[in-house]
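Below is one structure, written out as structure tokens, with a few remarks after it.
Numbering of ligands and ligand atoms starts at 1, following listing order. This is a predicted model, so every value here is computed, not measured.
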Amino acid sequence: MESVADILEGAAALERALDLLAQGEVVAIPTETVYGLAGDATNGEAVARIFEAKGRPRFNPLIAHVASLEMAESFAIFDPLSRRLAEKFWPGPLTLVLRHREGSAIHPLVRAGLDTIAVRMPRGFGAGLIGKFGRPLAAPSANSSGRISPTSAAAVAVDLGGRIKLVVDGGATPVGLESTIVKVEDGRLHLLRPGGITGPELVGVAGTRLHRGVEAGIQAPGMMASHYAPGAAVRLGVGEVRPGEALLAFGPERAKGAEHAVAILNLSPRGDLREAASNLFAHLQALDRSGAAVIAVEPISAEGLGEAINDRLARAAAPRDNAAAAS
Ligand code: AMP
Ligand code: MG
């Protein structure tokens, strides 16, 4: 039997949400934009659960939601223009893509392996929740992949109610549109996604022009065939490891020749896809640093989260010439 999510509001919702988040569970929460599916951004399995619950076929990078500028600064580096925009529009529907502060507590799965991180300070229930939780929450919209973003608790419950434990009901979301996403590069302001804050509002505060279109669009992850491209070549679905290769393993049984691998990391010795998802980016990067020319990857089930894991590995294995090709 599938469980059905509780729908709670107010203090009872806050208490239960804090409890579930501390256990690494995901909860649907209202923000001023749309309902979000939130999990502890520092906990890889919680982040993997977000993708699992949404049935997302890909690991797109997620927005890290914060309760203060200080919290954002613990994992992101602000250039002067981004800081001005944050001071003016936060809390509110503006997401900034910033340079990630190396060694931060944010789990790599949130960034999908990028060296940037998207950050936003929401208004309303989410802000209070994050403040009390004390850690950033990763949260995409609370809909299953391919459906539209929900603007009511009822819409979330109909779609995801069988897969999550709690929907916090905060009524209809006031903005009803996703956040605007911008990125500052070399002092230029790029619009990556239009949303709740308009172009003229941004320009009014930034005092510079807003760059749109292909120029900005190419930076939207998920559009690139390989946005995480290791230095090593990647060989997928291997049954036999060749001498000199590094091995990205999965499950309890090893490919033939594993003993010759220059390095071995196992995504999940017990074959758990959630654990594998949470280890994917860190393990790929570590094997890349081993200096092997090739990373051999054992076969990984394509069920559930396995689809997104295999998608990311296929991108890592894509010929580098096509690295920028749309997918
Ligand atoms: P959602 O949370 O579903 O509204 O989607 C989040 C959006 O933020 C997606 O369009 C992502 O591509 C975008 N995004 C998240 N992180 C980054 C990043 N580091 N660089 C550029 N875009 C990002
Ligand atoms: Mg969405």
**Asked** Taking NZ, NE, NH1 and NH2 as the nitrogens, is one of them in Glu25 or Arg16 under 4.0 Å from a carboxylate oxygen of the other?
**Response** no
**Prompt:** Which bit of Arg56 gets closer than 4.0 Å to ligand 1, counting heavy atoms only: side chain, backbone, both or neither?
**Reply:** side chain
**Prompt:** Are any of the side-chain nitrogens in Arg147 or Asp159 under 4.0 Å away from the carboxylate oxygens of its partner?
**Reply:** yes
**Message:** I need the atoms of ligand 1 closer than 4.0 Å to a non-hydrogen atom of Leu114, numbered in the order shown.
**Reply:** 18 (C), 19 (N)
**Asked** Around Glu259, counting heavy atoms of other residues, nucleotides and ligands shown, do more than 12 lie under 6.0 Å from its CD?
**Response** yes
**Where ligand 1 meets Ala118 - atom numbers and elements under 4.0 angstrom, heavy-atom basis** = 15 (C), 16 (N), 17 (C)
**Item:** ligand 1 contacted by Asn60 (non-hydrogen, < 4.0 Å)
**Value:** no
**Request:** Mind listing the protein N/O/S atoms less than 2.8 Å away from the Mg ion (ligand 2)? Waters don't count.
**Result:** Ser141 OG
**Asked** Is the number of heavy atoms from other residues, nucleotides or ligands within 6.0 Å of CD (Glu15) greater than 12?
**Response** no
**Any donor-acceptor N/O pair, Asp288 side chain to Ala232 backbone, under 3.5 Å** = yes
**Fill in**
Atoms of ligand 1 under 4.0 Å from any heavy atom of Ile181, numbered from 1 in the order shown, are 7 (C), 8 (O), 13 (C)
**Prompt:** Is Asp169 reaching over with its side chain to a backbone N or O of Gly171, donor-acceptor style, under 3.5 angstrom?
**Reply:** yes
**Asked** Below 4.0 Å from any atom of ligand 1, is there a heavy atom belonging to Arg120?
**Response** no
**Message:** With a heavy-atom distance limit of 4.0 Å, tell me whether Val97 approaches ligand 1 through its side chain, its backbone, both, or neither.
**Reply:** side chain
**Prompt:** Mind checking whether Leu81 and Leu94 sit in one hydrophobic cluster, side chains of I, L, V, M, F, W, Y counted as touching below 4.5 Å?
**Reply:** yes
**Message:** Any atom of ligand 1 sitting under 4.0 Å from a heavy atom of Arg111?
**Reply:** no
**Asked** Is there any N or O on Glu178 that sits under 3.5 Å from an N or O of ligand 1?
**Response** no
**Message:** Quick check on contacts: which atoms of ligand 1 are under 4.0 angstrom from a heavy atom of Thr116?
**Reply:** 18 (C), 19 (N), 20 (N)
**Check: Glu32/Thr173 side-chain N/O donor and acceptor closer than 3.5 Å** = no
**Item:** Salt-bridge criterion met for Glu201 and Lys88 (N-O under 4.0 Å)
**Value:** no
**Request:** Determine yes or no for a side-chain-to-main-chain donor-acceptor pair under 3.5 angstrom, with Ser141 supplying the side chain and Asn143 the backbone.
**Result:** no
**Prompt:** Under 3.5 Å, is there a donor-acceptor pair linking the side chains of Arg193 and Thr95?
**Reply:** no
